[in-house]
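A short write-up of the structure that comes next.
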Amino acid sequence: LHVLGGSYFYTGQFDKAQPLLDKHVEMYPKSLFAVPASYFRASNTSRLQFWSNAAGLLDEFLKNHPDASKNVFLPFALFDRAICHYAEEQPEPALEKLTRIMGYWVNMDDPYVTYDSHYIETVWWLLKQIYKKGLLYKGYTIQPYSPAAGTGLSSHELNQPGCYRDVKDTTAVAQFK
């Protein structure tokens, strides 16, 4: 049941996969495939866009299998749960779950924003303190550039034709001892 349901799941035939995955989870709760089958069951429900049902199944899955060292499906389940929040027009829980998946902590109650004048003044004050201590200096660095896109390039993009062009650009780069 798990293999056939998983096959339907991976080929995008979610309506055929659902009854097989449901049956496997109910008939074999202690099987070797119990964790993947319960994840695929919940994920499949979200693919069918039954958001509230999927949310309940995903919450149950996350409660029953919280240990990331034993559950390789944990990040995927968190992502699917975040999509359910978004689909149910609950963007705050979705953002919290997505940032948890990325391993990035965000203070949602008191976030800082980079366009806030207090933040900008703090950055300038820090640069001034670093300059006063003699830790800021003028240096040069070569930045790969794409004239077609008008942007900088990453290291894996450098083999593309037309990557280099001499340009003058004012930037500030901080390097500490």
Side-chain angles (χ1 to χ4, degrees), residues 9-10 35-36 38-40 42-47 49 51-52 54-177:
F9 177 83
Y10 282 120
V35 173
S38 59
Y39 166 69
F40 289 140
S43 181
N44 190 61
T45 306
S46 72
R47 301 298 188 281
Q49 299 182 0
W51 303 117
S52 57
L57 289 171
L58 287 162
D59 286 340
E60 180 183 334
F61 176 79
L62 293 168
K63 185 181 86 175
N64 293 339
H65 309 287
D67 187 4
S69 66
K70 297 177 183 174
N71 180 4
V72 297
F73 299 101
L74 185 66
F76 306 111
L78 288 168
F79 181 79
D80 286 340
R81 186 61 180 99
I83 288 173
C84 289
H85 276 298
Y86 183 75
E88 293 173 336
E89 297 181 13
Q90 299 174 358
E92 289 82 13
L95 182 59
E96 289 174 22
K97 288 204 184 280
L98 287 172
T99 54
R100 181 175 162 200
I101 292 167
M102 294 185 302
Y104 186 73
W105 180 79
V106 177
N107 183 354
M108 302 300 242
D109 299 327
D110 187 26
Y112 73 89
V113 289
T114 56
Y115 57 82
D116 181 56
S117 61
H118 178 70
Y119 174 83
I120 295 169
E121 289 169 6
T122 302
V123 171
W124 281 111
W125 179 84
L126 286 169
L127 285 171
K128 182 179 176 183
Q129 300 305 312
I130 292 169
Y131 178 77
K132 282 182 180 179
K133 292 181 180 184
L135 300 173
L136 190 66
Y137 65 93
K138 183 177 181 177
Y140 298 96
T141 180
I142 297 172
Q143 298 296 320
Y145 177 79
S146 168
T151 62
L153 295 171
S154 63
S155 60
H156 70 277
E157 297 173 307
L158 292 179
N159 291 331
Q160 302 296 321
C163 289
Y164 295 103
R165 181 173 100 185
D166 290 334
V167 294
K168 289 192 179 220
D169 186 30
T170 305
T171 59
V173 178
Q175 184 175 3
F176 302 96
K177 295 179 184 177

Checking Asp59 now: which residues fulfil side-chain hydrogen bond (donor to acceptor under 3.5 Å, both in side chains) with it, not counting sequence neighbours? Arg81

Let me confirm one number: the NZ-NZ distance from Lys133 to Lys128, rounded to the nearest 0.5 Å. 13.5 Å

Test side-chain contact (heavy atoms from CB on, under 4.5 Å) applied to Trp125 - qualifying residues, sequence neighbours left out: Gln129

In this structure, CG of Asp80 is separated from CG of Leu62 (nearest 0.5 Å) by 9.5 Å

Go through the steps for Asp67 and Leu74 under the test side-chain contact (heavy atoms from CB on, under 4.5 Å), then give the verdict. CA-CA 8 Å; Asp67 187 4; Leu74 185 66; over 6 Å; no

Contact summary for Leu127 and Leu136, nearest pair of heavy atoms: O-CD2, 4.2 Å

Looking only at heavy atoms, which two atoms of Ala54 and Cys84 are closest? And how far apart? CB-SG, 3.8 Å

Closest approach of Ala77 to Leu58 (non-hydrogen atoms, all atoms of both residues): O-CD2, 4.0 Å

side-chain contact (heavy atoms from CB on, under 4.5 Å) against Leu126, all qualifying residues, sequence neighbours excluded: Thr122

